[in-house]
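See below for the structure under consideration.
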Amino acid sequence: EAQVTQNPRYLITVTGKKLTVTCSQNMNHEYMSWYRQDPGLGLRQIYYSMNVEVTDKGDVPEGYKVSRKEKRNFPLILESPSPNQTSLYFCASSFRDSNTEAFFGQGTRLTVV
Amino acid sequence: LAKTTQPISMDSYEGQEVNITCSHNNIATNDYITWYQQFPSQGPRFIIQGYKTKVTNEVASLFIPADRKSSTLSLPRVSLSDTAVYYCLVGAWGYQKVTFGTGTKLQVIP
């Protein structure tokens, strides 16, 4: 089954404790990206990657890191989480094409206390 | 992706047809128009995509006029389970940063 898998689904952590949210896709997609969603602010892109070893900033990259060492995986790293990074996070993947669709993961609800 | 404008919210009674219009004046020649549906706390899900005229699938229709500067998502006979936020995106996914608009929050009333 074609899917984008995020882990964990829920995470409560403390300020400053490094964490990684994993994202994996099984569709051989070139393009992967991370979004955060906050009430009243909609979906905002954090980082995106057009292929292995190619990453670029989205609209809200501060406080986040990503890496794309393999095509299927695109982890989101918070090296020193802060309470303002409490949010719902989504990973997505797609082919690089004009008439393609994006597939989204189930979401990771992160709380930083 | 091209900038899009949609109504912030809409209400509809169950069983009615709902039409949500999206404006995208700066659409480029190669751009496709794609609609996504999002339920609370879930990732957006692809509904339908089109380039011109009309596209229909099992859940929706998409109407695109000749100038392609707008598009209308049509949901026939909505039910309570269609209550969601609907996003219109225009452009080639996978080549650039993606900016979602506000989307249209559809509330279906019994």
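A, B, ... follow the sequence lines: proteins, then strands. Residue 1 opens every chain. Keep in mind it's a predicted model, so treat the numbers as computed, not measured.
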Worksheet entry | Side chain, backbone, both or neither of A:Gln6 within contact of chain B (heavy atoms, under 4.5 Å) | neither
Worksheet item: Cut-off 3.5 Å, side chains only: do A:Ser87 and A:Asp38 have a donor facing an acceptor?
Response: yes
Discussion item. Just so I understand: if I count every heavy-atom pair under 4.5 Å between each of A:Ala102, A:Gly107, A:Gly58 and chain B, which residue has the most?
Written reply: A:Ala102
Discussion item. Whether the B:Arg45 and B:Gln37 side chains hold a donor-acceptor pair (N or O, under 3.5 Å, no angle test) is what I'd like checked.
Written reply: yes
Worksheet item: Looking at A:Leu41, A:Leu43, A:Val4, which has the largest count of heavy-atom pairs under 4.5 Å with chain B?
Response: A:Leu43
Discussion item. Using heavy-atom distances under 4.5 Å, tell me whether A:Leu88 contacts chain B through its side chain, its backbone, both, or neither.
Written reply: side chain
Practice prompt. Against chain B, label A:Thr100 side chain, backbone, both or neither, depending on which of its atoms sit under 4.5 Å from a heavy atom there.
Written response: both
Item to complete: Tell me, for B:Gln38 versus chain A, whether the close heavy atoms (under 4.5 Å) come from the side chain, the backbone, both or neither.
Response: side chain
Discussion item. Tell me which one of A:Lys71, A:Gln3, A:Met27 satisfies side-chain contact (heavy atoms from CB on, under 4.5 Å) with A:Ser93.
Written reply: A:Met27
Discussion item. My understanding is that only one of B:Leu89, B:Leu73, B:Ile64 makes a side-chain contact (heavy atoms from CB on, under 4.5 Å) with B:Ile33; could you say which?
Written reply: B:Ile64
Worksheet item: What class does the angle between the rings of B:Tyr51 and B:Tyr32 fall in, given that below 30° is parallel, 30 to 60° is tilted and above 60° is perpendicular?
Response: tilted
Worksheet item: Non-hydrogen atoms of chain B under 4.5 Å away: do they reach the side chain of A:Glu101, the backbone, both or neither?
Response: both
Worksheet item: Is it the case that A:Ser24 and A:Asn73 place a side-chain donor and acceptor less than 3.5 Å from each other?
Response: yes
Discussion item. Using heavy-atom distances under 4.5 Å, tell me whether A:Arg44 contacts chain B through its side chain, its backbone, both, or neither.
Written reply: neither
Discussion item. Please rank A:Glu30, A:Met50, A:Arg96 by heavy-atom pairs under 4.5 Å with chain B and give me the top one.
Written reply: A:Arg96
Worksheet item: If you count heavy-atom pairs under 4.5 Å with chain B, which of A:Gly40, A:Ser94, A:Gly105 comes out on top?
Response: A:Ser94
Practice prompt. List the steps and the verdict of side chain to side chain contact (heavy atoms under 4.5 Å, CB included) for A:Phe103 and B:Phe46.
Written response: CA-CA 8 Å; A:Phe103 291 79; B:Phe46 172 88; over 6 Å; no
Worksheet item: Is chain B contacted by the side chain of A:Asp97, its backbone, both, or neither, given a heavy-atom distance below 4.5 Å?
Response: backbone
Discussion item. Please classify the contact of B:Gln49 with chain A as side chain, backbone, both or neither, using a heavy-atom distance under 4.5 Å.
Written reply: side chain
Worksheet, complete the sentence: Most contact-rich option vs chain A, by heavy-atom pairs under 4.5 angstrom, among B:Thr102, B:Asp31, B:Thr99, is B:Thr99
Practice prompt. Kindly confirm or rule out a cation-pi arrangement of A:Arg68 over A:Tyr47, judged by NZ or CZ under 6.0 Å from the six-membered ring centre and within 45° of its axis?
Written response: no
Discussion item. For A:Tyr35 and A:Ser33, which I'm curious about, is there any donor-acceptor pair between the side chains at under 3.5 Å?
Written reply: yes
